[in-house]
S.K.: 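Got a structure for you, questions after.
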Protein chains: 2
Amino acid sequence: MFTLDSSETTNPSEPIARRVVRLLRHAIVTMRIRPGEKLSEQETAKRLGVSRQPVREAFIKLAEAGLVLILPQRGTLVVKISVAAVENARFIREAIECAVVREAVRRKDRDALDVARGVLDETARAIVTGDAERLFELDEEFHRALAAAAGRPDAWRVVEEQKAQMDRVRYLDMTDAIPMRIVLAQHLAILDAIEAGDAELAERELRAHLREILVSLPKLAARWPTLFEAPAAAAPTPTAGDA
Amino acid sequence: MFTLDSSETTNPSEPIARRVVRLLRHAIVTMRIRPGEKLSEQETAKRLGVSRQPVREAFIKLAEAGLVLILPQRGTLVVKISVAAVENARFIREAIECAVVREAVRRKDRDALDVARGVLDETARAIVTGDAERLFELDEEFHRALAAAAGRPDAWRVVEEQKAQMDRVRYLDMTDAIPMRIVLAQHLAILDAIEAGDAELAERELRAHLREILVSLPKLAARWPTLFEAPAAAAPTPTAGDA
DNA sequence: AAATTCATACTTCCATACTAGTGTTCCGAC
DNA sequence: GTCGGAACACTAGTATGGAAGTATGAATTT
C-alpha cells in the first residue's frame, strides 16, 4: 500500500500526470508498493484524488521503464525484481557510461568536472550526517554530471530509464547498511582518472563500480525471495520436476 | 499531409493507440509529414477516424522518441531533423551495439548467428529486386539479430528508440540512391568477424558502419535546409550576423 | 498611423462516460 | 462430490465533454 495524497513537493504548476509518475516511481522503488502487488487505474486514481487519465499515462510510462506490467483488460501489477532484468539494465548502462567516461576524458571540460567534484564533496558530508535519501540522489547526480561533462546529456536520460530496474536493488542494499564510503571511493577513483586524462583507468574503475551490484544481487535475491521473480527453472514446468 | 485510414496491415485486435503510433512514426520517418509541420490531437484523430485519446497517447510516445515536440496548451509539431540530436543518438547506439557485438563474440550462439546470416542473404536478394522498403526492414532486422545473438534483446529496444532519430536521415540517404551494397558489405564484415571470434575486428567494423552517417549527414543538411534544424549560430541572434 | 485591449478560435490537459474483454463465484445438473 | 455454465464484478481501452492556457486578429483608443 502507499499513502500520499499531497505530501512531496506539490508544485501546482506541474502537470498532474508527471507528478503521478514521480509519485508512483518513488513508491515502487522504495517498495512502499511491493513487487507483485496489483494496481488499478481506478483504485490509484481514487487514492490520489485525480482522474484515471493521468494515472493511465503514468502506468504507461512506468511500463516502459519496466517497473509495472500492464495486462490488457486484466490489470496492472508491479513487476517483481528480476535478476535477469537487472543484469540486462546493468549491461546497457555499462555500455553507455563507458562511452560517456571516455568522451569526458577527451573533452576535458574543466567546469563540468568541477561540478562532479562538488557532488562528491557533498556526498562526503552526507555520509557524515547519514542522510540516506540524499545519498541516493547524489549518486545519481554524479553520474549525470559525468554525462554532462561528456557533452552527452541525452545519454544520461537513457541510463536513467535503465537504472530504474536497479534502484530497488540499491534500496535493499541500502537498508542492509551498504558501505556508502566504498561507493564514494569508487566515484573518486573514476573522477580522478578522468581528470588525469587516463581513459583506460577511468573505464576500468567505472566497470568495477557498476559491477558491484552483481555481488550483492544474488545475496539479496536469496534473502528476500518474495520480492524477486523466481528464476527460470531448468525443468520446463516448475511444479513437476523429474530428475 | 498524410492520408491513410486503413491501409497498412489493419489487424483488428491490435490496440488503436499502438496502431496510431506505428502509423505516425512511419509517416514522420518517410516525411509524408514534413519536419516542422504542426499536428493536433483533434485534427489527427478526425483524419484517422479515431478519438483523441489514443492519438494523445501516440503523441506522448513519439515525443519520448524525440520525433515530435509537445508544447503544453500550444500545440504539437514534428521536430525538424537536428544534426546534434542525430549525433547524440548515434553515440548512444554505437556504445550499446559495440557491447552487443563483443557479447555476441563471447557467446558464440551458432543458431542466432545463422539467423543473422539469413537476413544478409535476403538482403542480397532484395538488392537485386530493388525493394527499398524491404531493405529498410532488413537493415533493422540484422541489428536486432545481433542483439539476439548476444542474448540482449532488451538492448535492441533501446537502440531502436534512438534509431528513430537517424531514420529520417537514412530515408533521405536512400532517396539519394544510397549504395546498399556498401551497407551489406559492412554487415557481412561484422558478422564474419563475430563468427571468426575476433571481437576487436568486429567492433572496428561496427564502428565504421555506424559512422557512415556522419559523412552523409552534413551533405544532406546542406541539401535540404528546410528539413533540418538551423544549427546554433555562433552569434547570439540569428538575424544579426556580424563578421 | 501606431499601439493596446479584448473577443475568439485554437491548443493540450484533465475528468467522466461508455465499451469490450477477463476472472471469479455461485448455482444447478449430473 | 464433480463438472458445467451463466451472472456478476472487476479490468484496461476508447470516446467525449469541459477547463485552463495561448496565439491571433480585429476593433478601439491614443
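Just so you know, these numbers use all the heavy atoms, side chains as well, and skip hydrogens, waters and symmetry mates. If you're wondering where the values come from, they're calculated on a predicted model, not measured in any experiment. Letters A, B, ... are given to chains in the order of the sequence lines, protein chains preceding strands, and every chain is numbered from 1.
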S.K.: Where along nucleotides 9-17 of chain D does protein come under 4.0 Å, by heavy atom, of base (B) or sugar-phosphate alone (S), with - for untouched nucleotides?
M.R.: --BBBBBBB
S.K.: Do you know the tightest heavy-atom contact between A/E57 and A/A17?
M.R.: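 Nearest heavy atoms, A/E57 then A/A17: OE1-CB, 3.7 Å.
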S.K.: Going by side-chain contact (heavy atoms from CB on, under 4.5 Å), A/R25 matches just one of A/L62, A/V20, A/T30. Which one?
M.R.: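 Passing option: A/L62.
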S.K.: With a 4.5 Å limit on heavy-atom distance, are the side chains of A/Q162 and A/R90 in contact?
M.R.: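 A side-chain contact is absent here, since even the closest heavy-atom pair is not under 4.5 Å.
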S.K.: Report the residue from A/D154, A/V158, A/V159 that forms a side-chain contact (heavy atoms from CB on, under 4.5 Å) with A/W156.
M.R.: A/V159
S.K.: Would you give me the side-chain donor-acceptor pairs under 3.5 Å for residues 70-86 of chain B, sequence neighbours excluded?
M.R.:
{"from": "B/K80", "atom 1": "NZ", "to": "B/T226", "atom 2": "O", "distance (Å)": "3.3"}
{"from": "B/S82", "atom 1": "OG", "to": "B/A84", "atom 2": "N", "distance (Å)": "3.3"}
{"from": "B/S82", "atom 1": "OG", "to": "B/A85", "atom 2": "N", "distance (Å)": "3.0"}

S.K.: Parallel, tilted or perpendicular for A/F142 and A/H187, by the 30°/60° rule?
M.R.: parallel
S.K.: Please check if atom CZ in A/R134 has more than 12 non-hydrogen atoms from other residues, nucleotides or ligands closer than 6.0 Å.
M.R.: yes
S.K.: Rounding to 10°, can you tell me the angle the first-five-pair axis of the helix from C/dA1-D/dT30 to C/dC30-D/dG1 makes with its last-five-pair axis?
M.R.: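 About 20°, once rounded to a multiple of 10°.
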